[in-house]
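In what follows, a single structure is set out as structure tokens and then discussed.
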Protein chains: 2
Amino acid sequence: MADTSTRTVERALLLLGTVCDRGSVTLADAARDAGLSASTALRLLRTLEGTGFVRRDDDGYRPGMRVVQLGAQALSHESLVSLAEDALERLVSSTGESAYLNVPSSDGHGIYLSVREGTHSVRHTSWVGRSIPLEGSAAGAVLSGDTPEDGFVVISNGIEPDVTAIAAPVLSGGQVVAALSVVVPSYRIDDDGARRIGRQVAAEAAGVLAAPTDAAPQGTSSTGIETPTTHEPSTTGAQS
Amino acid sequence: MADTSTRTVERALLLLGTVCDRGSVTLADAARDAGLSASTALRLLRTLEGTGFVRRDDDGYRPGMRVVQLGAQALSHESLVSLAEDALERLVSSTGESAYLNVPSSDGHGIYLSVREGTHSVRHTSWVGRSIPLEGSAAGAVLSGDTPEDGFVVISNGIEPDVTAIAAPVLSGGQVVAALSVVVPSYRIDDDGARRIGRQVAAEAAGVLAAPTDAAPQGTSSTGIETPTTHEPSTTGAQS
DNA sequence: ATTTGTATTTCACTTATTGAAACGCTCATT
DNA sequence: AATGAGCGTTTCAATAAGTGAAATACAAAT
């Protein structure tokens, strides 16, 4: 695809990634990181600045609002997020533990696409957009197609210490398109518990794309990134 | 800035915006929208696809995970979000209504940067990344510098019907950098109530950048986009 | 004073980008 | 069946868009 791509755009997007990874970066560091001359990087960063993707302050270049906005728009268009919403809520309600929706990313990792935190005061924490390696994680194993016959993967103290991760595949047309996972502090779970939760996760994962759901969000969700069924803000609630 | 910018990059970013706005767009529509030839748009969209910013399916081009990821990273680097966190929570706790943090965007609008929903079953709804006009909205008036002496703006049935919006400025060095706002269904509030909430919002807004806060997130927040103080996922909670 | 590093501007050069044209395919209409 | 419209894709001649080396100004450290 190298000959059907646009070098200049690739360079600019690479710089955008650097700015977002770092949070704040000087022109010189950004140029060095991207292997560009300072004047080239300056012009590309200026373009990103002029379009709102980055902004400039005394310390250097920072992400701009346009990335936040487009990222949020992109997420709200992800139909998987809305479909998995109820499943995630139910998993949290029944287990008390943090539940996640993971999808494959374009660079061979997994990505956290939706996050529901558990109800215990000591719980696992992660965030939307976070990348996770496919090796050594339960969600990663599922996304790689390595789900055993019982339908879920359990990994204790894998790439994340002190937690037990349980994941099951969301299938579409026989293909793994996402993983539902629950992550528990290991001190709070034994083998039996992991199997019990595993069966729940597998059941929920099987239901995500199976049934047409009446999942009209009735304000029960409190994620910062909403996936409203209509894009109009409104007063919502029961009509009682 | 036209002569220090990069046309090719601008075009690609414009196409990215179109894909994210629409959620799904054909090559022909994207090209038409951007005023480009089909072959130019194809190559630029291929570049965006190859870098993960968009993806392609049968219906056309969709936002890719890279935008979601960078958007989430960008948001997590926004220090205003973490600083305003407690203020937003307190506003929701004390009023029961939805509370928001708005900032100016690069294109002359306001943007919802952080969202906390109210506790009533009938409440206002909005989302991170949403754009709001500066004219006719309480947050917009505040961001435009039009805050009266009493320190807050109240707009009933402005650009959004059926709601009363109350906003106050977050100031830094005498400059308005953000707005805190509370939005209430109009049937649930009168003038006295609006003034009472207005004073609360103004007090909270004044406190956002004023005091060094011990705002270690103790898992009290349940936004989908977390701003963890460290970027390591962990088990979090009280040490009791 | 000197050195190092940063950000910015300039401009000759070249090659990266462009878009018109051609092609193949699908679908709708006559 | 034939035709037209629209889509997505490929090709390639032309040109101007993008590049980076060099120069400049500034700040900080030695």
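Chain letters run A, B, ... following the sequence lines, proteins first and then strands; every chain starts at 1. These numbers were taken from a predicted model, which means no experiment stands behind them.
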Assess whether salt bridge (charged side-chain N to carboxylate O under 4.0 Å, His left out) is satisfied between B/Glu10 and A/Arg46, documenting all intermediate values. CA-CA 11 Å; B/Glu10 286 182 338; A/Arg46 276 209 174 124; over 6 Å; no
Apply salt bridge (charged side-chain N to carboxylate O under 4.0 Å, His left out) to B/Glu160 and B/Arg130, showing your working. CA-CA 14 Å; B/Glu160 291 192 71; B/Arg130 181 189 164 214; 3.8 Å; yes
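With DNA chain C read from its 5' end, the first of the two nearest nucleotides for A/Val9 and A/Leu42 is the one closest to A/Leu42.
Taking five base pairs at each end of the helix from C/dA1-D/dT30 to C/dT30-D/dA1 and finding the rotation axis that steps the C1' atoms of four pairs onto the next four gives two axes whose angle is 30°, to the nearest 10°.
Side-chain polar atoms of B/His124 and B/Glu117 form no donor-acceptor pair below 3.5 angstrom. Using modelled atom types, one finds no donor on one side chain facing an acceptor on the other under 3.5 Å when comparing B/Asp59 with B/Ser24.
Judged by distance alone, the side chain of B/Thr6 and the main-chain N or O of B/Val9 form no donor-acceptor pair under 3.5 Å. Under the 3.5 Å distance criterion, the side-chain polar atoms of A/Thr47 are left unmatched by any main-chain donor or acceptor of B/Ser5.
The pair A/Glu49-A/Arg55 does not count as a salt bridge, with every side-chain nitrogen at least 4.0 angstrom from each carboxylate oxygen.
Across the protein-nucleic acid pair, A/Leu15 atom CG and D/dG18 atom P stand 15 Å apart, rounded to whole Å. Atom C1' of nucleotide C/dA7 and atom CZ of A/Arg56 are separated by 7 Å, given to the nearest angstrom. The CD atom of B/Glu10 sits 9 Å away from the P atom of D/dG18 (whole-angstrom rounding).
Distance check: B/Leu48 CG to B/Leu16 CG gives 5.5 Å after rounding to the nearest 0.5 Å.
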Whether each nucleotide of nucleotides 19-30 of chain D has a protein heavy atom under 4.0 Å at its base (B), only at its sugar-phosphate (S) or at neither (-) is summarised, 5' to 3', as BBB---------
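Of the residues in residues 27-34 of chain A, those placing a heavy atom less than 4.0 Å from an atom of DNA chain C are A/Leu27, A/Ala28, A/Arg32, in numerical order.
With sequence neighbours excluded, the residues satisfying side chain to side chain contact (heavy atoms under 4.5 Å, CB included) with A/Asp29 are A/Arg22, A/Val25, A/Thr26, A/Arg32. Taking the salt bridge (Lys or Arg N to Asp or Glu O under 4.0 Å) definition, one finds that B/Arg7 meets it with nothing, sequence neighbours left out.
Checking the phosphate oxygens (OP1, OP2) of D/dG18, no side-chain nitrogen or oxygen of A/Arg46 falls inside 4.0 Å.
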Please report, to 0.1 Å, the donor-acceptor pairs under 3.5 Å made by any side chain of residues 61-68 of chain A, with sequence neighbours excluded.
| residue | atom | partner | partner atom | Å |
| --- | --- | --- | --- | --- |
| A/Arg62 | NE | A/Asp57 | OD2 | 2.6 |
| A/Arg66 | NH1 | A/Gln69 | OE1 | 3.0 |

